[in-house]
Visitor: 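Below is one structure. I have some questions about it.
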Amino acid sequence: MKVPYCRVYCDGHELEYVRRVLESGWLTTAHVCFEFEQKMADFIGCRYSCAVNSATAALHLAAEALEIGENDLVFVPSMTFAASAEIIVHLQARPVFLDTEYRTNLITPEILEEGIRKNPNAKALILVHYGGQSARIDEIQEICRAHHIKLIEDAAHAFPSKYQDRYIGSFGDATCFSFYANKTITTAEGGMLCTNSENIYKRAKIMRLHGINRDVWDRYTGNASKWEYDVVAAGYKYNMTDIHAAIGLAQLERAEEMRQQRQFCAEFYYRELADSVEIDLPVCYVPHEDHSWHIFQIVLNDQCPLKRSDVLQQLSDADIGFSIHYKPLHQMTFYKEKYHLNPEDFPNAEKTWQRTISLPIYARMTSDELEYVCKTLKKILKSGYSKVR
């Protein structure tokens with residue numbers, strides 16, 4: 001059996017909706033993109049959504065709209081993908097890296113408060129809802145408000161995720177989603193900025209397309225002169241096309257269904273790997289139905305007699321896909337050297353990344369595939385004891 005790390009399913013209305021766009025003759029940002037934005041906002045329960053070409057773009061636009069700039073201090077977890085921090089650097093602000101909780105990889109209120117104690121002038125927090133599980137957003141939001149810290153939620157992993165019966169995307173100043181190919185829903189490439197702030201929305205909408213005050217569709221359909229527009233800021237090229245939005249509309253129709261299928265995978269892993277003393281399973285604080293299950297991450301603990309490289313090689317030999325999430329940013333050359341980061345300041349991230357493995361998880365992963373992964377992994381772990389002996 002061959003089990004990939006992820007598999008994409010586009011067997012809903014994707015072809016039909018994309019065909020309509022192609023036949024319309026209008027391929028770039030227009031009414032299909034606007035429909036996707038509105039349906040996303042309705043789904044989440046926020047006031048505004050702005051579709052862009054990546055979650056990185058959404059993060060950049062959110063930070064720019066919140067006027068994060070030169071020398072501003074911005075908290076960001078070290079255990080995250082590079083995008084969470086690079087947008088801070090692009091705005092000439094300074095990332096302040098925080099450790100995360102072991103087995104959730106989340107920033108906790110306690111970690112944030114310690115960061116504020118050391119950096120009382122911090123202006124913003126990039127809060128990553130790691131793996132699809134929400135951080136304790138209510139407590140963190142309260143801390144941010146008390147210290148006048150802007151809150152940007154990096155929810156690249158967290159759609160559709162909830163916290164206390166509310167979808168992620170309706171809490172912070174702005175929330176940024178990813179629709180990359182391995183996410184619960186995909187547009188192939190793409191992202192979304194969600195907010196309840198009209199000012200943030202208007203600024204992001206202008207800045208996503210060169211700082212132009214009227215997008216092409218508005219100029220085409222509006223009553224004012226069709227050709228006239230103005231450039232009111234030095235913006236970016238971050239817009240989403242109608243082709244990508246058409247895929248997103250079809251995927252959004254099945255978002256909860258695909259989330260439930262990922263939950264089935266996670267619960268299978270918890271059940272079948274519960275007696276494997278050689279690994280630490282991820283801790284889940286929220287109800288399983290409130291988790292998007294983007295990543296299912298195990299960590300080889302001190303009772304495991306094998307090196308991670310040995311486990312990975314044997315998984316590969318068995319045709320089982322895997323990934324590593326993540327080599328933390330304090331270990332990446334650019335950040336380590338530019339900000340003089342010391343691994344000893346990030347003990348939980350260090351403990352995690354050196355022995356972590358992300359197991360396959362995707363919609364419609366079958367019981368046979370899951371059983372094959374679990375049996376193979378347990379066999380590999382037990383084989384280590386015989387090698388030691």
Visitor: Could you walk me through whether Cys284 and Tyr270 pass the side chain to side chain contact (heavy atoms under 4.5 Å, CB included) check?
Guide: CA-CA 11 Å; Cys284 181; Tyr270 276 124; 3.8 Å; yes
Visitor: Could you grab the distance from atom CD of Gln331 to atom CH2 of Trp353, nearest 0.5 Å is fine?
Guide: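 Answer for the CD-CH2 pair, Gln331 versus Trp353, is 5.5 Å.
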Visitor: Side chains of Ile361 and Ile295: does their closest heavy-atom pair fall under 4.5 Å?
Guide: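 With C-beta onward as the side chain, the pair stays apart.
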Visitor: For Glu289, does the CD atom sit with more than 12 other heavy atoms under 6.0 Å from it, leaving out its own atoms?
Guide: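 Above 12, so yes.
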Visitor: Could you label the plane-to-plane angle of the His60 and Tyr236 rings as parallel, tilted or perpendicular, counting under 30° as parallel and over 60° as perpendicular?
Guide: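 Tilted: the ring planes of His60 and Tyr236 meet at 30° to 60°.
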Visitor: Does some side-chain heavy atom of Asp154 sit less than 4.5 Å from a side-chain heavy atom of Cys176?
Guide: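 Heavy-atom side-chain distance check fails, nothing below 4.5 Å.
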Visitor: Answer with yes or no whether the hydrophobic clustering places Leu91 together with Ile206; edges join I, L, V, M, F, W, Y residues whose side-chain heavy atoms lie under 4.5 Å apart.
Guide: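 No, because Leu91 and Ile206 fall into different hydrophobic clusters, even though each may have its own neighbours under 4.5 Å.
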Visitor: Indicate yes or no for a side-chain donor-acceptor contact from Ser292 to the backbone of Ser161 under 3.5 Å, with no hydrogens or angles considered.
Guide: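 Not a single qualifying donor-acceptor pair exists.
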Visitor: Does Tyr17 have its ring centroid less than 6.0 Å away from the ring centroid of Phe36?
Guide: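 No, the ring centres sit 6.0 Å or more apart.
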Visitor: Starting from the C-alpha separation in whole Å, work towards a yes-or-no answer on side chain to side chain contact (heavy atoms under 4.5 Å, CB included) for Asp242 and His31.
Guide: CA-CA 8 Å; Asp242 268 18; His31 68 96; 4.3 Å; yes
Visitor: Are the side chains of Pro95 and Val74 in contact, using a 4.5 Å heavy-atom criterion?
Guide: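 Val74 vs Pro95: side chains apart.
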Visitor: Going hydrophobic residue to hydrophobic residue with side-chain gaps under 4.5 angstrom, can you get from Tyr269 over to Leu381?
Guide: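 Yes; tracing contacts between hydrophobic side chains, which count when under 4.5 Å, links both residues.
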Visitor: Counting only heavy atoms from other residues, nucleotides and ligands, does the tally under 6.0 Å from CG of Asp302 exceed 12?
Guide: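 No, because the 6.0 Å sphere around CG of Asp302 holds 12 heavy atoms or fewer from other groups.
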Visitor: Report yes if the side chains of Glu110 and Glu114 come closer than 4.5 Å at any heavy-atom pair, otherwise no.
Guide: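 Result no, sub-4.5 Å side-chain heavy-atom pair not found.
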Visitor: Is any side-chain heavy atom of Gln251 closer than 4.5 Å to one of Thr187?
Guide: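 No. Closest side-chain heavy atoms not under 4.5 Å.
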Visitor: Looking only at heavy atoms, what is the nearest atom pair of Glu101 and Asn348, with distance?
Guide: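 Heavy atoms of Glu101 and Asn348 come nearest at CA-ND2, 4.1 Å.
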Visitor: If you round to the nearest 0.5 Å, how far is CD1 of Ile298 from SG of Cys304?
Guide: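 With rounding to 0.5 Å, SG (Cys304) is 8.5 Å from CD1 (Ile298).
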Visitor: Surrounding OH of Tyr180 (heavy atoms of other residues, nucleotides or ligands, distance under 6.0 Å), is the total greater than 12?
Guide: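 No, OH of Tyr180 has 12 or fewer neighbouring heavy atoms, counting only those of other groups under 6.0 Å.
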Visitor: Do Arg208 and Glu37 sit within salt-bridge range, that is, some charged N less than 4.0 Å from a carboxylate O?
Guide: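 Yes, Arg208 and Glu37 are salt-bridged.
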Visitor: Report yes or no: is the cationic atom of Arg136 (NZ for Lys, CZ for Arg) closer than 6.0 Å to the six-membered ring centre of Tyr285, at no more than 45° off its axis?
Guide: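 Geometry flag: not set, cation outside 6.0 Å or 45°.
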Visitor: Would you mind checking if Glu16 and Arg20 are paired as a salt bridge, meaning a charged N to carboxylate O distance below 4.0 Å?
Guide: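 Salt bridge present between Arg20 and Glu16.
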Visitor: Is the side chain of Lys162 donor-acceptor paired with the backbone N or O of Val286 at a distance under 3.5 Å, no angle test?
Guide: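 Not confirmed, Lys162 side chain does not pair with Val286 backbone.
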Visitor: Return the SG to CZ distance between Cys194 and Arg47, rounded to the nearest 0.5 Å.
Guide: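 Those atoms lie 13.5 Å apart.
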Visitor: Kindly give the heavy-atom pair with the smallest separation between His330 and Ser78, and that separation in Å.
Guide: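 Closest heavy-atom pair between His330 and Ser78: ND1-OG, 2.7 Å.
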Visitor: In plain terms, say whether Glu278 and Lys382 are close enough for a salt bridge, that is, a side-chain N and a carboxylate O under 4.0 Å apart.
Guide: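 Yes.
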Visitor: Under 3.5 Å, side chain of Asp99 to main-chain N/O of Ala349, donor-acceptor pair present?
Guide: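 Yes, Asp99 side chain to Ala349 backbone: donor-acceptor pair under 3.5 Å.
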Visitor: For a 4.5 angstrom cut-off between non-hydrogen side-chain atoms, does Met40 reach Phe179?
Guide: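 A side-chain contact under 4.5 Å exists here.
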Visitor: Distance under 6.0 Å and angle within 45° of the ring axis: does Lys336 meet both against Phe346?
Guide: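 Checked: cation-pi criterion not met.
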Visitor: Of Arg7, Arg364, Lys2, which meets salt bridge (Lys or Arg N to Asp or Glu O under 4.0 Å) against Glu369?
Guide: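 Answer to the salt bridge (Lys or Arg N to Asp or Glu O under 4.0 Å) test with Glu369 among Arg7, Arg364, Lys2: Arg7.
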Visitor: Which distance, rounded to the nearest 0.5 Å, do you find between the CD1 of Ile200 and the CG of Asp173?
Guide: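 One gets 5.0 Å once the value is rounded to the nearest 0.5 Å.
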Visitor: Decide yes or no for Leu370 and Cys265: does some side-chain heavy atom of the first lie under 4.5 Å from some side-chain heavy atom of the second?
Guide: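 The answer is yes; the side chains approach within 4.5 Å.
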Visitor: Would the distance check show the side chain of Asn213 and the main-chain N or O of Asp230 forming a donor-acceptor pair, the cut-off being under 3.5 Å?
Guide: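 The answer is yes, because a donor-acceptor pair under 3.5 Å joins these two groups.
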Visitor: Kindly compute the distance separating CD1 (Ile357) from CZ (Arg355), expressed to the nearest 0.5 Å.
Guide: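 Taking CD1 in Ile357 and CZ in Arg355, the distance rounds to 9.0 Å.
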Visitor: Ignoring hydrogens and geometry, is there a side-chain-to-backbone donor-acceptor pair from Ser316 to Gln313 under 3.5 Å?
Guide: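 Side chain of Ser316 to backbone of Gln313: no pair is present.
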Visitor: Identify the two heavy atoms, one from Gln314 and one from Ser383, that lie closest to each other, and give their separation to 0.1 Å.
Guide: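 Looking at all heavy atoms of both residues, the closest pair is OE1-OG, 3.9 Å.
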Visitor: Which residue in the set Asn301, Thr356, Thr352 passes side chain to side chain donor-acceptor pair (under 3.5 Å) when paired with Asp280?
Guide: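 For Asp280, the side chain to side chain donor-acceptor pair (under 3.5 Å) check succeeds only for Asn301.
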Visitor: Do Ile137 and Glu153 have side chains that approach each other closer than 4.5 Å (heavy atoms only, starting at C-beta)?
Guide: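 The answer is yes; the side chains approach within 4.5 Å.
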Visitor: Please tell me whether Ile87 and Tyr130 are part of a single hydrophobic cluster in this structure, the criterion being side-chain heavy atoms less than 4.5 Å apart.
Guide: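 No, Ile87 and Tyr130 fall in different hydrophobic clusters.
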Visitor: With sequence neighbours left out, write down each residue that passes side chain to side chain contact (heavy atoms under 4.5 Å, CB included) with Ala85, or none if nothing qualifies.
Guide: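 Scan of Ala85 (side chain to side chain contact (heavy atoms under 4.5 Å, CB included), adjacent residues dropped) gives Val76, Phe97, Leu329, Tyr335.
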Visitor: Please answer: with hydrophobic residues joined when any side-chain heavy atoms are less than 4.5 Å apart, are Val32 and Ile185 in the same cluster?
Guide: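 Yes.
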Visitor: About how many Å separate OG1 of Thr195 and CG of Leu61, when rounded to the nearest 0.5 Å?
Guide: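 Between Leu61 CG and Thr195 OG1, I get 12.0 Å after rounding to 0.5 Å.
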Visitor: Measure across Ala124 and Ile68 and return the closest heavy-atom pair with its distance rounded to 0.1 Å.
Guide: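 The answer is CB-CD1, 3.5 Å.
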Visitor: Apply the test salt bridge (Lys or Arg N to Asp or Glu O under 4.0 Å) to residues Arg271 and Glu267: give CA-CA distance (whole Å), side-chain angles for both, the deciding distance (0.1 Å), then the verdict.
Guide: CA-CA 6 Å; Arg271 183 173 61 252; Glu267 290 175 345; 6.0 Å; no
Visitor: Restricting to non-hydrogen atoms, name the atom on Ala266 and the atom on Phe296 that form the minimum distance, rounded to 0.1 Å.
Guide: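 Between these two residues, the closest heavy atoms are O-CE1, 3.7 Å.
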Visitor: In terms of hydrophobic clusters joined by side-chain contacts under 4.5 Å, are Met258 and Trp293 together?
Guide: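 Result: no, two separate clusters.
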Visitor: Hey, are Glu142 and Arg145 close enough for a salt bridge, meaning a charged N less than 4.0 Å from a carboxylate O?
Guide: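 Looking at Glu142 and Arg145, the cut-off is not met.
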Visitor: State, to 0.1 Å, how close Ala363 and Arg262 come at their nearest heavy-atom pair, and which atoms those are.
Guide: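 Taking Ala363 first and Arg262 second, the nearest heavy atoms are N-CG, 4.1 Å.
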Visitor: Passes side chain to side chain contact (heavy atoms under 4.5 Å, CB included), Val299 versus Tyr102? Steps please.
Guide: CA-CA 10 Å; Val299 180; Tyr102 182 62; 3.5 Å; yes
Visitor: Ser170 side chain to Cys46 main-chain N or O, any donor-acceptor pair under 3.5 Å?
Guide: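 Checked: no pair found.
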Visitor: Are the aromatic ring centres of His129 and Tyr163 under 6.0 angstrom apart?
Guide: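 When the ring centroids of His129 and Tyr163 are compared, they turn out to be at least 6.0 Å apart.
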Visitor: Not counting sequence neighbours, which residues clear ring-ring contact (aromatic ring centres under 6.0 Å, His included) with Phe159? List them please.
Guide: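 Phe43, Phe177.
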Visitor: Are there over 12 heavy-atom neighbours, none belonging to Lys123, within less than 6.0 Å of that residue's NZ?
Guide: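 Yes, NZ of Lys123 has more than 12 neighbouring heavy atoms, counting only those of other groups under 6.0 Å.
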Visitor: Between Asp11 and Arg254, is there a salt bridge with N-O shorter than 4.0 Å?
Guide: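 Yes, Arg254 and Asp11 are salt-bridged.
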Visitor: Distance-only, no hydrogens or angles: does the Gln133 side chain make a donor-acceptor pair with backbone N or O of Val283 under 3.5 Å?
Guide: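 A pair under 3.5 Å: yes.
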Visitor: Looking at Arg117 and Glu113, does any basic side-chain N land under 4.0 Å from a carboxylate oxygen?
Guide: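 Glu113 and Arg117: not salt-bridged.
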Visitor: Only one of Leu193, Ile88, Ile126 forms a side-chain contact (heavy atoms from CB on, under 4.5 Å) with Ile152, so which one is it?
Guide: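 Exactly one candidate clears the test, Ile126.
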